[in-house]
Amino acid sequence: MVIPDFVLNAPLAMQVTPADWPGGYWWHWLFFTIIIIAFVLIMVMGVIYIERRGMGRMQSRLGPNRTGPFGLLQPVADAIKVLLKENIVPATADKVVHWLAPIIAFSPVLMIFAVIPFQNGALLADLNIGILYIIAVSSVATVGVFMAGWGSSNKYSLLGAMRNVAAIVSYEIPLALTIVGVIIFSGSLSMNQIVVAQDIPYILVQPLGFLLFFIAASAEINRSPFDLMEADSELTAGFHTEYSGMKFAMFYLVEYAEAIAMSAIITTLFLSGWRGPFLPPWLWFLIKTLVVFFVMVWTRTTLPRVRIDQLMALAWKFLFPLALVNLFITAIEVIFWPDISQWIFVGVNIVIAALLVILWSKLFKIGWGRLEV
Amino acid sequence: MGLEFAFWIMAVVMVGAAFAVLYLRNVFHAALALVLCFIAVAGIYVTLSADFLAAVQILVYVGAISVLIILGVMMTREVQKGNPVNKMRLPAAIVAVVLLGILVYVVTSTPWGISTQDPLTPTTMPLATKLFSENGFILPVEIGAVLLLAAILGAIVIIREKKK
Amino acid sequence: MSIGLTHYLVLSAVLFCIGLYGALTRRNAVIILMCIELMLNAVNISLIAFSSYIVPQLLTGQVFAIFVMVVAAAEIAVGLAVVLAIFRHFSGIDTNDINLLKW
Amino acid sequence: MKFENYGIGIIKGMAVTISHLFRHPTVSQFPEQRLNISRRSRGNELVWSREKCTGCATCAKACPQGAIEIVTSTNLKENKYEVEKYKVDTGYCIQCGLCVEACPYDALFMGYSYERAKYRRNDLIQADDELLESPERPVSGYFHPEIAEKLPKQTLLVEKVTEKRKQE
């Protein structure tokens, strides 16, 4: 593999900028910071609208359609409402922790976007450890959630936080293992390099990996059907029960920003990122991200929430072994047949994925009574 | 200049957080201070151009170890009892200070053979070659894997409740 | 004065001594575990500093640091298991109360 | 060897939800589109007829909540009771319709109207002329089949939607 010159010559890996960027490092940094923040905020509003309308239509409702044309201003109205609300802190709360928790939960999500390529080379920092950086940074959000649960001094919050930690720690393993499959094929940890290496979208080369990654990612970001850390019907709202006003808005923002971040990561890793014919690259990226998010909404509408023991069983008995098998198969393919066309792997891997899923479902039945954790 | 600035910030945050681990009354707050200390250590790694290790540090220490410690704090329910000290305070302080003095003396008086080369910056590939190649560290890696497996099994055996 | 190897080593020594002092004096077993983690981190800092100042092209120190992390992960798993077992047995984790092996 | 539980149920469910996405939603936009409610609706108000009422107070006796208060005086000239006050606390009313069934002179009806919420609890207490029939307070067909025949037939949302889907 050839490492580009500008990566080798940079004094620090953090300062990698495209060689032809005008105005130097700081302008680049400022520009992309503004772009990322604007992107996250606007996309959050957009996806909240998409989620509510899409879910409404799938449930034979209309969804919000009163505020503005087609209800487009509903997220704005909600944001204004929630910002103007009173900020209530419980009397026995751990005040500092309670106050810091939303910030600590929010900042990693913004930091994830630093390494996501919007188009070729258009990213804040083309780290050569990009995807590892994402896994590392997103694990910090756990601490924020735990602080929220602890700081509220409310048993429902604490239970939600505990569930969240258990889920995230378990699901990080299959998540990382499936990512390794992608890395083996692309030969680089850098997000931009991964996209560049994807002549065939990896969803075809790694169908099992995509499936496992999607499941693990939805569990990681607390999307339904794995949203039992904020299960409204059991835990009122999980870790953010005691939050209101601006701080609640932060948690709401985190939830959707994480969903967007995961959609963007899936787009980059499995759907060949910004690559695509005819349209400009950034538009392809946007379209693919929204499509992935729509699939998340779709699964949310369809599937009922799982129990906590089922959640753990799914992670350890289904996703983890399959991720290992997937990694093993991928490694064998890359080592023994490095030169043949990847289209052969596409067919072989799809067949293997179907066989493995069917076989494992025979061995592992989730609805088979109560499973011991 | 930027590097020095970053180093001093990280150093101050790190030492402050380490003292907070010692002196905070609430054990949960101490665990959070430990997380801050780990993040500062990751920052130090970045200034040493060990970016891969910085990411691994955050992933392993912040993502896994500190979460385990926080879970341990929760499960042992000793949060409100504070952070008491035992009778060894003075001897331990003397030992620590003397050790620090010796270490600082040794570090400052040794002529280090500092290399003039720039450190390798994309460390991922060389590290992988180092770890997994034939004349690299493949045997320690396997031993480490066995160690982790043994640790998991040992932890499960220790913690399991005996069924009557 | 630019930052050199000495700075990192002194920093590592300071962190190590803080961890040592805490591990020797605290009575809460979880805090003791945290202090041991601090000491391991201090060692990691010095290893990586050596690696990038003395053999910048070899990365040996970074490899050692990775092994230290592996050991730390194993240590924290077993250590917490021991702490929880102690907590079940003594219904407390004050190390002054745990004197089974003392005499 | 049978292979089940391998996700075919999930796929079927996903197909159902995605097919719902392209169907006409089963809703009506309430303030603009109103559906006719049931002809025998026991709405949230009582409608009282001063002409037919003889002041016998059977309704007040029948009311399980004691929500009806009726004060009468004797009119010796015309040899009948004069209703001085007829007061219903609709806050207490449980819409059971027993008063309507009990009235021997068909002077009491359930209301057909809705959207009659009030801002203050005191406004819920309605008396005398407030209880009379008016365009805002039509009479429901409950216990009165002859009235029910004149009312429009109830529109069901399902019928409307299937009609619309047929047109599409």
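Nothing here was measured: the structure is a model prediction, and the numbers come from that model.
Legend: residues meeting salt bridge (charged side-chain N to carboxylate O under 4.0 Å, His left out) with B:R89, ordered by chain and number and at least two apart, are absent. In this structure C:V78 satisfies the side chain to side chain contact (heavy atoms under 4.5 Å, CB included) test together with B:A151, B:I158, C:V82, sequence neighbours excluded.
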What pairs of donor and acceptor atoms, side-chain ones from residues 35-59 of chain C against any protein atom, are under 3.5 angstrom apart with sequence neighbours left out?
from: C:N41; atom 1: OD1; to: B:Q57; atom 2: NE2; distance (Å): 3.0
from: C:N41; atom 1: ND2; to: C:E37; atom 2: O; distance (Å): 3.2
from: C:S46; atom 1: OG; to: C:V43; atom 2: O; distance (Å): 2.8
from: C:S52; atom 1: OG; to: C:I48; atom 2: O; distance (Å): 3.4
from: C:Y53; atom 1: OH; to: C:I3; atom 2: O; distance (Å): 3.4
from: C:Q57; atom 1: NE2; to: B:D118; atom 2: O; distance (Å): 2.8

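The parts of B:V141 that come within reach of chain C are both its backbone and its side chain, each placing non-hydrogen atoms under 4.5 angstrom from that chain. Residue contact with chain C, scored on non-hydrogen atoms closer than 4.5 Å, involves the side chain of B:L131 exclusively. Interface residue B:F7: only side-chain heavy atoms are found under 4.5 Å from chain C. The parts of B:L53 that come within reach of chain C are both its backbone and its side chain, each placing non-hydrogen atoms under 4.5 angstrom from that chain. Residue B:A17 does not touch chain C at all, counting heavy-atom pairs closer than 4.5 Å. If you measure heavy-atom distances from B:L100 to chain C, the contacts under 4.5 Å come from both the backbone and the side chain.
When all heavy atoms are compared, the tightest approach of C:I31 to B:A30 is CD1-CB, 3.9 Å. Minimum interatomic distance between B:A96 and C:Y21 (heavy atoms only, all atoms of both residues): CB-CB, 4.0 Å. Summarising the geometry of B:L22 relative to C:G22, their closest heavy-atom pair is CD2-CA, 3.2 Å, with the distance given to 0.1 Å.
Put simply, NE2 on C:H7 and OG1 on B:T108 are 11.5 Å apart, with the number rounded to the nearest 0.5 Å. Atoms CZ and CD1, from B:F52 and C:I66 in turn, are 5.5 Å apart once rounded to the nearest 0.5 Å.
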Inset, instruction - Let me see the working for B:I143 and C:F67 under side chain to side chain contact (heavy atoms under 4.5 Å, CB included), right down to the final yes or no. - result: CA-CA 10 Å; B:I143 294 174; C:F67 288 122; over 6 Å; no
Legend entry - Check against side chain to side chain contact (heavy atoms under 4.5 Å, CB included), C:Y8 and B:T47: CA-CA 10 Å; C:Y8 287 102; B:T47 65; 2.9 Å; yes
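Per-residue counts of heavy-atom pairs under 4.5 Å with chain C were compared for B:V21, B:L103, B:L127; the largest is that of B:L127. For chain B, the option among C:V14, C:V30, C:L84 with the highest count of heavy-atom pairs below 4.5 Å is C:L84. Contact count against chain B (heavy-atom pairs under 4.5 Å) is highest for C:L15 among C:L15, C:V71, C:L33.
Side-chain contact between B:M10 and C:L11 is absent, with no heavy-atom pair separated by less than 4.5 Å. A 4.5 Å side-chain heavy-atom check between B:I69 and C:I76 finds at least one atom pair inside the cut-off. Counting only heavy atoms from C-beta outward, the side chains of C:M34 and B:V73 approach each other to under 4.5 Å.
Inspection of non-hydrogen atoms places B:Y61, B:I65 of residues 58-67 of chain B under 4.5 Å from chain C.
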